[in-house]
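Below is one structure, written out as structure tokens; comments come after it.
In this text the structure is predicted, and so the values were computed from the model without any measurement. Labels below follow one simple rule: chain letters A, B, ... track the order of the sequence lines, proteins then strands, and each chain is numbered from 1.
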Protein chains: 2
Amino acid sequence: MDNKLEMIDFIEEGPKWFLPNLSVDCVIFGFHKNQLKVLLNRWKKVEGWCLPGGYVMRDESVDESAKRILKERTGLSKIYLQQFYTFGEPDRVKSLAMERDQFSQIFEKEIKPDNWMFDRMVSVGYFALVEYSKVKPKPDTLSDKCEWCDITAVPQLFFDHNQILQRALKELRFQTFHHPIGFNLLPEKFTLPELLGLYETILGRKLDRRNFQKKILSFNILKKLDERRNIGPHRAPTLYSFDKQQYSKAMKEGLSFMF
Amino acid sequence: MDNKLEMIDFIEEGPKWFLPNLSVDCVIFGFHKNQLKVLLNRWKKVEGWCLPGGYVMRDESVDESAKRILKERTGLSKIYLQQFYTFGEPDRVKSLAMERDQFSQIFEKEIKPDNWMFDRMVSVGYFALVEYSKVKPKPDTLSDKCEWCDITAVPQLFFDHNQILQRALKELRFQTFHHPIGFNLLPEKFTLPELLGLYETILGRKLDRRNFQKKILSFNILKKLDERRNIGPHRAPTLYSFDKQQYSKAMKEGLSFMF
DNA sequence: TTTTAATTGTGTATATAATACATTATAGTT
DNA sequence: AACTATAATGTATTATATACACAATTAAAA
């Protein structure tokens with residue numbers, strides 16, 4: 001879909017390559033300056049925001065579609081990715097039909113009302129946890145922007161994407177209780193106060209700094225480094241990284257995480 | 001699909017009414033004689049077992065499809081039903097293609113290899129918890145049997161249905177830790193030893209009878225009745241039922257259940 | 001009628017984990 | 001060297017989980 005010709009093929013013959021009526025939407029979380037972020041796409045012309053998504057190719061698994069979409073938007077592979085829910089209300093893309101004219105604008109070609117793109121879509125939702133600094137957001141061919149958006153300042157999105165986001169957020173919070181997945185949002189080296197901030201942001205409440213430290217260290221999934229981070233006129237916090245071995249062990253066992 | 005004519009229409013024109021490439025599979029759990037059960041369908045002629053499933057009608061939500069399938073197999077509505085995973089491997093119904101001849105047998109009509117039924121299927125998995133005694137299993141038009149099967153004696157199933165079942169079981173166990181969903185498997189009146197047996201079966205390990213009782217009662221979701229169950233030459237256990245109000249409150253809050 | 005065996009119902013003592021809060025250590029500034 | 005802000009560690013208290021003991025109850029057997 002890199003040139004216009006391929007785009008026209010896509011419009012006319014999409015279901016030849018993709019499964020019709022099925023899509024994948026990705027909620028890509030990042031963490032920066034103590035704020036939780038989501039990656040959003042902005043469509044050309046109509047200038048509306050939505051979650052990165054796409055179709056499932058006929059020879060790839062739904063998981064692989066999500067990975068592909070994620071790679072296209074972020075440039076990253078091998079990241080924490082998890083299916084969380086499938087959205088199957090028949091009217092969930094009602095607004096898509098309403099935007100039909102605008103679609104024709106975006107594609108610079110008239111798209112007939114009975115085109116497969118305006119048919120009903122069931123969408124499989126995935127959420128991903130990525131290291132903010134490693135991501136170079138890339139818009140897709142239909143979008144002019146792909147940007148991080150603070151979770152507290154998400155605008156109205158197309159279709160049911162606000163609901164999908166809310167559900168992903170709920171899932172993220174829930175899983176944070178049981179698995180140490182939050183680490184995927186941090187860089188390789190981080191301080192305990194930073195980790196605390198992450199957990200407080202995800203869970204939406206304050207935690208006791210001292211008890212947090214005690215507990216997180218008791219899981220033995222952190223390696224204390226011989227480095228510190230200078231953060232101003234006071235004691236410099238120690239840097240930590242995972243013990244990947246212990247970490248994956250903890251993931252499997254799902255230690256009695258957490259608060 | 002009650003007569004042959006409609007079945008032929010179904011074969012030739014299925015996607016007119018259903019979404020192609022998408023199906024729903026239901027793992028219906030029951031509990032009887034201290035054993036966890038699943039409801040299985042047996043196909044005519046080929047005599048192989050599989051999970052009850054079906055297609056998604058164009059005007060119904062995926063949730064509604066699951067409800068409809070459940071109602072058709074069990075006669076029940078208003079039961080505990082939950083989507084748990086979507087299975088999207090491209091080869092997950094490979095064996096279906098292999099059974100093509102047998103399919104033609106079942107339908108008593110030749111089905112061409114390029115028929116939509118042999119195309120790739122992405123399936124949304126649901127699990128349901130039902131009261132065993134209330135269910136009158138009904139086979140569908142393709143099946144000659146619909147029966148309860150002990151979870152420890154499940155035969156090899158068609159497609160990836162064994163995997164789907166395993167995943168549902170895992171999900172049931174996990175959720176049992178956090179929500180009192182297990183009650184949906186019991187009749188309206190039950191004894192604490194029966195409830196204990198249910199939890200032990202689901203979790204796959206022994207629990208301390210006395211501590212279990214203390215904890216379960218501490219949640220205040222049970223009503224002690226003025227009745228007992230006679231079960232032999234020893235003390236008769238008291239019957240309990242839910243406090244539905246407290247129960248639904250507990251479900252929302254997801255009290256720090258459990259073991 | 002008494003005994004017996006099996007199972008329910010309740011209690012308590014101990015171990016483990018969660019929480020609250022106090023104190024000391026340290027980097028940089030004044 | 002004193003000051004300030006935050007990191008790091010420790011302890012006392014409370015709550016929860018676990019282990020285990022014993023009395024109560026039922027119906028069948030003696």
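- Counting only heavy atoms from C-beta on, A/Q213 has its side chain closest to D/dT9 among D/dT18, C/dA20, D/dT9.
- Remark on DNA chain C: of its neighbouring residues A/K214 and B/Y240, the 5'-side contact belongs to B/Y240, judged by nearest-heavy-atom nucleotide.
- Taking the salt bridge (charged side-chain N to carboxylate O under 4.0 Å, His left out) definition, one finds that A/K145 meets it with nothing, sequence neighbours left out.
- Note: CG (A/L217) to P (D/dA7) measures 14 Å, nearest angstrom.
- The CZ atom of B/F219 sits 11 Å away from the P atom of D/dT16 (whole-angstrom rounding).
- Taking 4.5 Å as the limit, every side-chain heavy atom of B/F242 sits out of range of all side-chain heavy atoms of B/K223.
- Note: CG (A/D208) to P (D/dG10) measures 16 Å, nearest angstrom.
- Residues satisfying the side chain to side chain contact (heavy atoms under 4.5 Å, CB included) criterion with A/R210, sequence neighbours excluded, are A/D208.
- Remark: A/K224 is in phosphate contact with D/dT9, judged by side-chain N or O atoms under 4.0 Å from OP1 or OP2.
- Rounded to whole Å, atom C1' of D/dA19 lies 14 Å from atom CG of B/L207.
- When rounded to the nearest whole Å, the span between CG of B/L239 and C1' of C/dG9 equals 15 Å.
- Sorted by first and then second residue, the salt bridge (charged side-chain N to carboxylate O under 4.0 Å, His left out) pairs with a member in residues 190-201 of chain A read A/E194-A/R229, A/E200-A/K206; sequence neighbours excluded.
- At a threshold of 4.0 angstrom between heavy atoms, the contacts of B/T191 with the nucleic acid are absent.
- Counting to the nearest Å, the P atom of C/dT8 and the CZ atom of B/F212 are 12 Å from each other.
- Distance, B/L225 CG to C/dG9 P: 12 Å, rounded to whole Å.
- Put simply, CG on A/L195 is 13 Å from P on D/dA7, counting in whole angstrom units.
- Using cut-offs of 30° and 60° for the angle between ring planes, the A/W148 and A/Y132 rings count as tilted.
- Distances from the side chain of A/P237 to the nucleotides D/dC20, D/dA8, C/dG9 place D/dA8 closest.
- Note on A/T238: every side-chain N or O is 4.0 Å or more away from OP1 and OP2 of D/dA7.
- Partners of A/S143 under the side chain to side chain contact (heavy atoms under 4.5 Å, CB included) rule, at least two apart in sequence or in another chain, are A/N41, A/W43, A/P139, A/D140.
- Every residue two or more places apart in sequence or in another chain was checked for a ring pair (Phe, Tyr, Trp, His ring centres under 6.0 Å) with B/H234, and none qualifies.
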Under 4.0 Å protein heavy-atom contact, by nucleotide of nucleotides 22-30 of chain D - B base, S sugar-phosphate only: --BBBBS--
